[in-house]
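Here's the structure we're looking at; comments come further down.
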Amino acid sequence: MDLDTAVAHPGRATPIADRTALYLDGQWAAPHGTGRIAVVDPTTEQVIAYVPAGDAVDVDRAVAAAKAAFPHWSGLAPAERAAHLDRLHTALSARAADIATTVARELGTPLRVATRVQAGLPLTVLRGYAELAAAPPAAHTVGNSLIVSEPVGVVGAITPWNYPLHQIMAKVAGALAAGCTVVLKPADLTPLVAYLLFDAVHEAQLPPGVVNLVSGPGSAVGSAIAAHPDVDLVSFTGSTATGARISHLAADRIARVALELGGKSANVILDDADLPRAVKTGVANAFLNSGQTCTAWTRMLVHRSRYEEALELAAAAANAQTLGDPLDEGTRLGPLSSAAQRDTVRGYIAKGLADGARLVAGGLDAPVPPTGYFVAPTVLADVDPDSTVAQEEIFGPVLVVLPFDDDDDAVAIANNSRYGLAGAVWSGDEERALAVARRMRTGAVDVNGAAFNPLAPFGGYKQSGIGRELGAHGLAEFLETKAIQR
Ligand code: NAD
């Protein structure tokens with residue numbers, strides 16, 4: 001791929017319109033903030049559109065609208081809220097192709113993956129929450145107490161760029177289903193897909209103020225949401241460092257926080273596993289979305305007796321990942337989201353090699369397209385489990401492969417992390433795999449390549465977060481519990 005091919009791709013023939021308004025109180029409204037954010041296509045390195053940069057005054061306007069809308073929205077019958085979410089689903093489904101192309105352009109996710117994950121998954125999540133909205137948790141009695149669940153109030157949602165619509169939907173659909181109202185700040189790198197969602201919100205005629213959009217920088221808009229006295233719950237997905245900052249802001253007024261943060265997940269391959277399948281699936285998982293996935297299995301742990309065999313398989317799988325234009329059907333690996341992200345990831349590869357890692361695939365000199373923020377899929381072996389590349393979230397296509405001696409050793413290495421988001425175990429003996437899975441200190445573990453379940457609770461132990469998203473557990477994050485004695 002060269003720059004001309006990328007720029008000239010027919011998928012880029014349609015220009016993306018600039019956005020000049022925020023979505024406040026049921027209408028597109030001129031921002032108070034005077035700045036704008038340039039959205040860059042990481043494949044061509046060209047600006048493809050601008051969106052407004054709101055400010056703290058815009059946050060005030062959005063929160064006031066959400067607060068005013070709360071009594072009506074929370075008072076609707078469950079079936080009425082579900083009907084609103086169904087209409088939103090219809091309006092958003094009609095935009096699925098546009099969503100996939102937009103994320104392929106603003107983020108660089110290969111179109112095939114963007115269609116399935118970046119567009120398809122949020123629709124599945126919205127459908128699931130529409131069903132949960134229709135059947136909220138029933139009141140129950142404990143002795144002389146009636147125990148009821150009530151929506152928590154105004155939710156401030158702050159989201160990152162790597163699965164931009166899914167991460168928005170996990171919050172917005174869950175909050176709306178629970179009867180909360182929302183102010184959303186999407187990531188600065190990928191705001192365009194959020195605007196498509198609000199086109200659908202407008203078309204679906206959700207009541208004014210129920211969901212509001214303020215794009216803008218985290219430092220101004222995100223922190224204003226986190227610190228706002230009328231925001232009852234701050235639901236944040238992003239880096240652990242920003243999550244900590246948001247927690248501090250919310251703590252000053254004892255506001256609730258839900259945090260979905262980083263990860264460094266272990267893929268544990270026991271000696272009796274189907275090694276080719278475990279390694280191939282593991283490499284694909286680690287490099288999904290160019291490795292910019294919080295749950296990515298970025299540490300592959302392999303029994304020492306099969307370590308060299310696993311490295312050969314991992315190198316072959318990494319080298320088979322086709323780098324290129326995300327809009328090409330054959331592309332498996334697109335660019336990283338930004339020049340800064342590319343430079344960070346290259347810095348980690350250099351650090352790993354300087355710390356003594358053996359380069360098995362990729363690396364800093366491997367060929368990549370001349371334009372775009374590409375990093376070659378990289379596999380590092382013989383890495384010290386305490387070293388930087390084995391401990392820090394790299395958020396790029398970099399896999400470290402570590403040997404272990406027995407199941408206890410595997411569990412100890414897997415749990416040697418400040419994160420605890422996800423993980424995997426592979427074994428010919430499911431009971432043995434389950435025993436290891438139960439000992440892993442993470443919010444999710446997949447045994448033998450089991451499928452992602454969008455209704456299962458999603459969230460992290462340790463520094464990977466607080467709380468859960470998705471399904472009934474996700475809905476519960478947006479509810480308060482009340483005991484009425486009689
Ligand atoms: P980030 O923390 O920089 O930004 C996330 C969001 O917070 C953005 O909207 C940003 O504008 C905003 N923000 C930044 N500074 C802020 C501040 N001071 N106050 C309020 N808001 C602020 O993260 P990112 O770079 O966008 O995303 C990548 C990170 O997110 C990775 O660490 C990844 O693991 C993590 N992540 C976690 C999950 C999860 O579910 N656990 C999912 C996706 C990404």
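Each ligand, and each atom within it, is numbered from 1 in the order the structure gives. Note that these values count all heavy atoms, side chains included, but never hydrogens, waters or copies made by symmetry.
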Next item on the list: For A173 and L85, work out which heavy atoms get closest and say how close.
Entry: O-CD1, 4.3 Å
Next item on the list: Take atom 24 (P) of ligand 1 and look for protein heavy atoms under 4.0 Å from it; say yes if you find one, no if not.
Entry: yes
Margin query: Under 3.5 Å, is there a donor on one side chain and an acceptor on the other for Y50 and T20?
Written below: no
Item checked: Pair D98 + R95: basic N to acidic O under 4.0 Å -> no
Next item on the list: For atom 37 (C) of ligand 1, find the nearest protein heavy atom and state the residue, atom name and distance (0.1 Å precision).
Entry: L261 O, 2.8 Å
Note to self: Return the closest protein heavy atom for atom 9 (O) of ligand 1 as residue, atom name and distance.
What the structure shows: T159 O, 2.7 Å
Next item on the list: Taking only heavy atoms of D188 into account, list the atoms of ligand 1 that are under 4.0 Å away from them.
Entry: 11 (O)
Next item on the list: Determine, considering heavy atoms only, which of S223, C294, G460 sits nearest to atom 38 (C) of ligand 1.
Entry: C294
Note to self: Closer than 4.0 Å to some heavy atom of I246 - which atoms of ligand 1 meet that?
What the structure shows: 20 (C), 21 (N)
Item checked: Interfacing atoms of ligand 1 (cut-off 4.0 Å, heavy-atom, A187) -> 9 (O)
Notebook entry, point to check: Less than 4.5 Å apart, any side-chain heavy atom of M440 and any of N415?
Noted result: yes
Check: How close does the nearest protein non-hydrogen atom get to atom 17 (C) of ligand 1, and which residue and atom is it?
Finding: G218 O, 3.6 Å
Item checked: Sub-4.0 Å atoms of ligand 1 with respect to non-hydrogen atoms of N162 -> 43 (C), 44 (C)
Next item on the list: Identify the protein heavy atom lying closest to atom 16 (C) of ligand 1, giving its residue, its atom name and the separation to 0.1 Å.
Entry: T242 CG2, 3.3 Å
Item checked: Identity and separation of the nearest protein heavy atom to atom 11 (O) of ligand 1 -> K185 NZ, 2.9 Å
Check: So does K171 pair up with E469, basic N to acidic O under 4.0 Å?
Finding: yes
Next item on the list: Identify, by atom number and element, the atoms of ligand 1 in contact range of L421, meaning under 4.0 Å from any of its heavy atoms.
Entry: 41 (N)
Checklist line | Minimum-distance pair of heavy atoms, taken over all atoms of W73 and L176 | finding: NE1-O, 3.1 Å
Check: Going by the order shown, which atoms of ligand 1 are within less than 4.0 Å of some heavy atom of Q167?
Finding: 42 (C), 43 (C), 44 (C)
Checklist line | Closest approach of N212 to A66 (non-hydrogen atoms, all atoms of both residues) | finding: ND2-CB, 3.7 Å
Check: Are R12 and D41 within salt-bridge range, i.e. N to O under 4.0 Å?
Finding: yes
Next item on the list: Quick one: pull up CD in E392 and NZ in K264 and give me the separation to the nearest 0.5 Å.
Entry: 8.5 Å
Notebook entry, point to check: What is the closest protein heavy atom to atom 35 (C) of ligand 1, and at what distance does it sit?
Noted result: G238 O, 3.0 Å
Next item on the list: Please report which non-hydrogen protein atom sits nearest to atom 40 (O) of ligand 1, along with the residue it belongs to and the distance in Å to one decimal place.
Entry: E260 CB, 3.2 Å
Checklist line | Proximity winner for atom 33 (C) of ligand 1, if only heavy atoms of F395, F458, F236, Y419 are counted | finding: F395
Item checked: Nearest neighbour in protein (non-hydrogen) for atom 34 (O) of ligand 1 -> E393 OE2, 2.6 Å
Check: Of T102, T109, T101, which meets side chain to side chain donor-acceptor pair (under 3.5 Å) against Q118?
Finding: T109
Check: Can an N or O of S464 be found at a distance shorter than 3.5 Å from an N or O of ligand 1?
Finding: no
Next item on the list: Check ligand 1 against I158 and write out every atom of the ligand that is under 4.0 Å from a heavy-atom position of the residue.
Entry: 6 (C), 7 (O), 9 (O), 12 (C), 21 (N)
Next item on the list: Answer yes or no: does atom NZ of K280 have more than 12 heavy-atom neighbours from other residues, nucleotides or ligands under 6.0 Å?
Entry: no
Notebook entry, point to check: So, are E480 and R256 salt-bridged, with charged N and O less than 4.0 Å apart?
Noted result: yes
Next item on the list: Taking only Lys NZ, Arg NE, NH1 and NH2, and the carboxylate oxygens of Asp or Glu, determine whether R112 and D328 approach each other closer than 4.0 Å.
Entry: no
Next item on the list: Run down the list S239, P164, A227 and name the one with the heavy atom closest to atom 29 (C) of ligand 1.
Entry: S239
Margin query: Judged on heavy-atom distance to atom 21 (N) of ligand 1, which of A220, S337, G222 sits nearest?
Written below: G222
Check: Which ligand 1 atoms are under 4.0 Å away from a heavy-atom of P160?
Finding: 26 (O), 27 (O), 43 (C), 44 (C)
